[in-house]
2 protein chains.
Amino acid sequence: MELTKIPTLPKFTGGESREERTLSREPLDKSAFKQVIRKMNLKVTDQRLLILSALHEGRTHVTAQEVYEIVSAKDPEIGFATVYRFLRTLTEHHFVTEVRMGGLPARYEMTPQSHHDHLTCVSCGKICEFENHEIEALQEKVASQFGFELTSHVLELYGVCPDCQKRKKAKASFGN
Amino acid sequence: MELTKIPTLPKFTGGESREERTLSREPLDKSAFKQVIRKMNLKVTDQRLLILSALHEGRTHVTAQEVYEIVSAKDPEIGFATVYRFLRTLTEHHFVTEVRMGGLPARYEMTPQSHHDHLTCVSCGKICEFENHEIEALQEKVASQFGFELTSHVLELYGVCPDCQKRKKAKASFGN
DNA sequence: CTATCAATGAAATTCATTTTCATTAAAGGG
DNA sequence: CCCTTTAATGAAAATGAATTTCATTGATAG
Ligand SMILES: [Mn+2]
Ligand SMILES: [Mn+2]
Ligand SMILES: [Zn+2]
Ligand SMILES: [Zn+2]
């Protein structure tokens, strides 16, 4: 295996092939979103409701810009400062989780009930989610060996997905 | 354990307590650095030699700005574009490794002979390095379960170091 | 020594994100 | 419903890291 940290990931400009998990949860009506906002002691506004529904029904691992574009379609008046601001607030209150890959713009997803980490294709940007209790336990073990009280962790795996492996083999044999 | 990704780390502005591993390797004379540069098919310049020696003898996990300040002391004429450029080149050639924590500026270290990951104190910024073969093996296992060919990974643990735990307990009992 | 082409540094540029600030609007009494 | 009090909003400017541009300088092969 490689020893490198960040493989200078492609910029995944369009959401082309990044359609890994489109949320199809229970529709979760507007009043549920209001509860979320009130739990943070914030005022309920249309903008915040729009942002929450974008996060809830849209695809996961969206950037702030993507969220802005989604809500802009519904309300062209909305400002991107509002989107950034509210995403930060939601993150601070742990309602959404920020995922960062290398130096790329942050991506957001509704905080999942059960923790997971990410396996990302360096070629097409596809993101798979996984959960591995053995790894989690070993992380705790490492931290305690250093006397640390573990508060969080980032585990991101990078590789080439099956599709991209095929695509590369096809291209290689064609060039021959 | 927390489920959060990045705990909005403090900015570690000064290198205050971040003195985890100061390199005291064999002095590695100038001609060794020249070899490194030539191996990349680049021209040997004073600037590049300065940057390499800063990386080699200084503390590890330095930002580009920190490297710039170190080499500026020796040669005030050097431009920060040169530092950024060469750090990128060195990273691409795997002579240095880029470490990123959340949205903070990238940090660099000479690529170690044996791979390691990082355990960072969210309170003071201290960084511990560790190596855990069980975790590495499990990562491979996860990737192969998804049919991915693993190319790299990022594992960063965040927690409170023993010193900061003490400091917090002291402060807590004082406030009482 | 010279010619060639890479390397440099200053300044401008990009890009994500944050901040500022004047304006608007939510919410809790009255 | 109507104030009043704040918080929220959006446009624009600011920030901060990193990159690019481009005219000038310098390394090195011959
Ligand atoms: Mn996820
Ligand atoms: Mn390290
Ligand atoms: Zn792929
Ligand atoms: Zn600490």
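Just so it is clear: chains get the letters A, B, ... in the order the sequence lines come, proteins before strands, and each one is counted from 1.
OP1 and OP2 of C/dA16 both lie 4.0 Å or more from every side-chain N or O belonging to A/Arg100.
Partners of A/Gln65 according to the side-chain hydrogen bond (donor to acceptor under 3.5 Å, both in side chains) rule, which considers only residues two or more places apart in sequence or in another chain, are A/Tyr84. Partners of A/Glu134 by side chain to side chain contact (heavy atoms under 4.5 Å, CB included), not counting sequence neighbours, listed by chain and number: A/Asn132, B/Leu138, B/Lys141. Listed by chain and residue number, A/Ala81, A/Thr82 satisfy the side chain to side chain contact (heavy atoms under 4.5 Å, CB included) test with A/Arg85 (two or more places apart in sequence, or in another chain). Judged as a side chain to side chain contact (heavy atoms under 4.5 Å, CB included), and not counting sequence neighbours, the contacts of A/Ile70 are A/Ala54.
As a whole-Å value, the separation of A/Leu104 CG from D/dA18 P is 13 Å. The distance between atom CZ of A/Arg38 and atom C1' of D/dA7, rounded to the nearest whole Å, is 15 Å. In this structure, A/Lys34 places its NZ atom 8 Å from P of C/dA27, rounding to the nearest Å. Distance A/Phe33 CZ to C/dA26 C1': 20 Å, rounded to the nearest Å. Regarding B/Phe80, its CZ atom lies at a distance of 13 Å from the P atom of D/dT20, rounded to whole Å. Atom pair A/Gln65:CD and C/dT14:P shows a separation of 16 Å (rounding to whole Å applied). We find that CD of B/Glu98 is positioned 12 Å from C1' of D/dA17, with the value rounded to whole Å. Whole-Å rounding puts the B/Ile37 CD1 to D/dA27 P distance at 12 Å.
Side chain of A/Gln165 to main chain of A/Val160: a donor-acceptor pair is present (N/O by atom type, distance under 3.5 Å, no hydrogens or angles). At distances below 3.5 Å, at least one donor-acceptor pair connects side-chain atoms of A/Thr111 with backbone N or O atoms of A/Phe95. Of the possible polar contacts, none joining the B/Ser152 side chain to the A/Tyr158 backbone as a donor-acceptor pair under 3.5 Å is found. In this structure, the side chain of A/Glu136 does not engage the main chain of A/His133 through any donor-acceptor pair within 3.5 Å.
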Scan the side chains in residues 34-51 of chain B for donor-acceptor partners under 3.5 Å anywhere in the protein, sequence neighbours excluded, and list what turns up.
residue : atom : partner : partner atom : Å
B/Thr45 : OG1  : B/Arg48 : N            : 3.2
B/Arg48 : NH1  : B/Lys43 : O            : 2.9

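Remark: of the listed residues B/Val67, B/Thr60, B/Thr63, B/Leu87, B/Leu87 is the sole one forming a side-chain contact (heavy atoms from CB on, under 4.5 Å) with B/Tyr108.
For the pair A/Leu90 and A/Leu55, the minimum side-chain heavy-atom distance is below 4.5 Å.
Shown for residues 71-78 of chain B: residues whose heavy atoms fall under 4.0 angstrom of DNA chain C, namely B/Glu77, B/Ile78. Scanning residues 39-47 of chain A for heavy-atom distances under 4.0 Å to DNA chain D yields A/Leu42, A/Lys43, A/Thr45, A/Gln47. At a non-hydrogen distance threshold of 4.0 Å, A/Ala81, A/Thr82, A/Arg85 from residues 81-90 of chain A come into contact with DNA chain D.
Take the nearest nucleotide of DNA chain D for A/Arg48 and for B/Ala64: the residue whose nucleotide is more 5' is A/Arg48.
Classification of A/Arg88 and A/Glu98 as a salt-bridged pair fails, no side-chain N sitting under 4.0 Å from a carboxylate O.
In this pair, A/His116 and A/His118 present their aromatic rings perpendicular. The plane angle is above 60°, beyond the 30 to 60° band.
Over its length, the helix from C/dC1-D/dG30 to C/dG30-D/dC1 turns its helix axis by 30°, as judged from the five terminal pairs at each end, rounded to 10°.
For the pair B/Cys161 and B/Cys121, the tightest heavy-atom approach, listed with the atom from each and the gap, is N-SG, 3.4 Å.
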